[in-house]
Amino acid sequence: MDQPSGRSFMQVLCEKYSPENFPYRRGPGMGVHVPATPQGSPMKDRLNLPSVLVLNSCGITCAGDENEIAAFCAHVSELDLSDNKLEDWHEVSKIVSNVPHLEFLNLSSNPLSLSVLERRCAGSFAGVRKLVLNNSKASWETVHTILQELPDLEELFLCLNDYETVSCSPVCCQSLKLLHITDNNLQDWTEIRKLGIMFPSLDTLILANNNLTTIEESEDSLARLFPNLRSINLHKSGLHCWEDIDKLNSFPKLEEVKLLGIPLLQSYTTEERRKLLIARLPSIVKLNGSIVADGEREDSERFFIRYYMEFPEEEVPFRYHELVTKYGKLEPLAVVDLRPQSSAKVEVHFQDKVEEMSIRLDQTVAELKKHLKTVVQLSTSNMLLFYLDQEAPFGPEEMKYSSRALHSYGIRDGDKIYVEPRMK
């Protein structure tokens, strides 16, 4: 049978991992030296292969000599073949079937949708635990075939495959723990629920960049569909109501949630988003990648009570009443104006006269002197000012620096300023 045109896996392997491009490094786990054998390739004693092979974007279209692959790759555990030109599952099977210890396989961005994956070919993947099929446009029929032949599959990546629907597999995949299915177009919850049916042991579900608009499921049904779900990523989904967030509490083991960039939260401040989410999700320990500490949870729950306390009864969520039972009805926080005081009412003393004045505190000592000229009938050069803080124990302080701003003295209402003529 003629080999497909293009570069073979073995050709690229020999080029990339030759001593000129990949010098052999001694030490545990640093590489494997394969000695020559009488029947072996003349290249065999020159290759130094690590257990992790990265052969992405190399133009690979076919496997090459299977005996050579078996001789060189017996120890390989991870293989990255992404962004090549593999379009025939038979060629992929020839490679994988000769890598007996393979656990991780990346076939992203290969045009594999152009061929059908038969079960006998999929059987060669049996030992793979992590499989990446991003942007491969793999059909659900292909995915089902893989699931039936990979009994130990734990992680599956199906991003960027233009899925609008999910097709249920005839058999459940009990082993799968992580499903990464971002950047598709799964808008309807009826499609997402099929994932729970197919993968009952799912621990982590990453649904970011799907325009999921709502979670249309009863609480009891959600608990049955995803009984083991610990983490869910809904970044940039289309969720737009708080009832959908409340439904996340129905997953019995959920403790990590990611919810950035959803329409529901656009009108809230950053602080409001985080606190309102934490208060509504009492079981989560990590939100948007950040740990939720006990102190932050209490602050958020108290914030939640105060946030909704002025809402009409029909708009108050049930969670509000739960938290009022926990903390009691809270008083609104006092509004404290922390802006610096802009003016003060002071007593100006000159000789036997006392005049109450309101002065701006953003002006300088020199500007105050100009303001007082008409009051005390002294020139600014012949004027000495002293400031007396009504609570200070040390007596008046001379205001000797003309460019110093009045607010730096801490002047408040009721303080006194004494004006004296300069002694000649």
- Message: Would R404 pass as a cation-pi partner of Y409, given that its NZ or CZ must be under 6.0 Å from the six-membered ring centre and within 45 degrees of the axis?
- Response: yes

- Consider only side-chain N and O atoms of T142 and S139, and report whether a donor and an acceptor are under 3.5 Å apart. yes

- Under 3.5 Å, is there a donor-acceptor pair between the S109 and N135 side chains?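 Note: S109 and N135 side chains meet the donor-acceptor criterion.
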
Supply the atom-to-atom distance [X] [atom1] to [Y] [atom2], rounded to the nearest 0.5 angstrom.
{"X": "I291", "Y": "K286", "atom1": "CD1", "atom2": "NZ", "answer": "4.5 Å"}
{"X": "D246", "Y": "E219", "atom1": "CG", "atom2": "CD", "answer": "8.5 Å"}
{"X": "M10", "Y": "N67", "atom1": "CE", "atom2": "CG", "answer": "10.5 Å"}
{"X": "T204", "Y": "E154", "atom1": "OG1", "atom2": "CD", "answer": "11.5 Å"}

- Query: Under the 3.5 angstrom rule, does the side chain of D244 hit a backbone N or O of I215 as a donor-acceptor pair?
  - Reply: yes

- Side-chain donor or acceptor of N184 paired with backbone N/O of D162 under 3.5 Å: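 Pair found, side chain donor or acceptor close to backbone of D162.
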
- Query: Out of N209, L260, N210, T182, which one pairs with K236 under the side-chain contact (heavy atoms from CB on, under 4.5 Å) rule?
  - Reply: N209

Would you call [X] and [Y] a salt bridge, using N to O less than 4.0 angstrom?
{"X": "E301", "Y": "R319", "result": "yes"}
{"X": "E243", "Y": "K247", "result": "no"}
{"X": "E356", "Y": "K345", "result": "no"}
{"X": "E298", "Y": "R302", "result": "yes"}

- All pairs passing ring-ring contact (aromatic ring centres under 6.0 Å, His included) where residues 199-229 contributes a residue, at least two apart: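 Only F226-F251 qualify under ring-ring contact (aromatic ring centres under 6.0 Å, His included).
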
- Item | Test applied, side chain to side chain donor-acceptor pair (under 3.5 Å); reference residue, D203; option that passes from K177, K253, R230 | R230

- Within a radius of less than 6.0 Å around NZ of K194, do more than 12 heavy atoms belonging to other residues, nucleotides or ligands occur? yes

- Query: Hey, are the side chains of P396 and L388 touching, using non-hydrogen atoms and a 4.5 Å cut-off?
  - Reply: yes

- Does I181 reach the side chain of L207, with side-chain heavy atoms less than 4.5 Å apart? yes

- Residue list, ring pair (Phe, Tyr, Trp, His ring centres under 6.0 Å) with H180, at least two apart or on another chain: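 So H180 forms a ring pair (Phe, Tyr, Trp, His ring centres under 6.0 Å) with F157.
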
- Task: Step by step, work out the side chain to side chain contact (heavy atoms under 4.5 Å, CB included) result for C73 and F9.
- Result: CA-CA 11 Å; C73 299; F9 173 82; 4.1 Å; yes

- Would Y268 and W242 count as a close aromatic pair, with their ring centres under 6.0 Å?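 Centroid distance Y268-W242: below 6.0 Å, so yes.
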
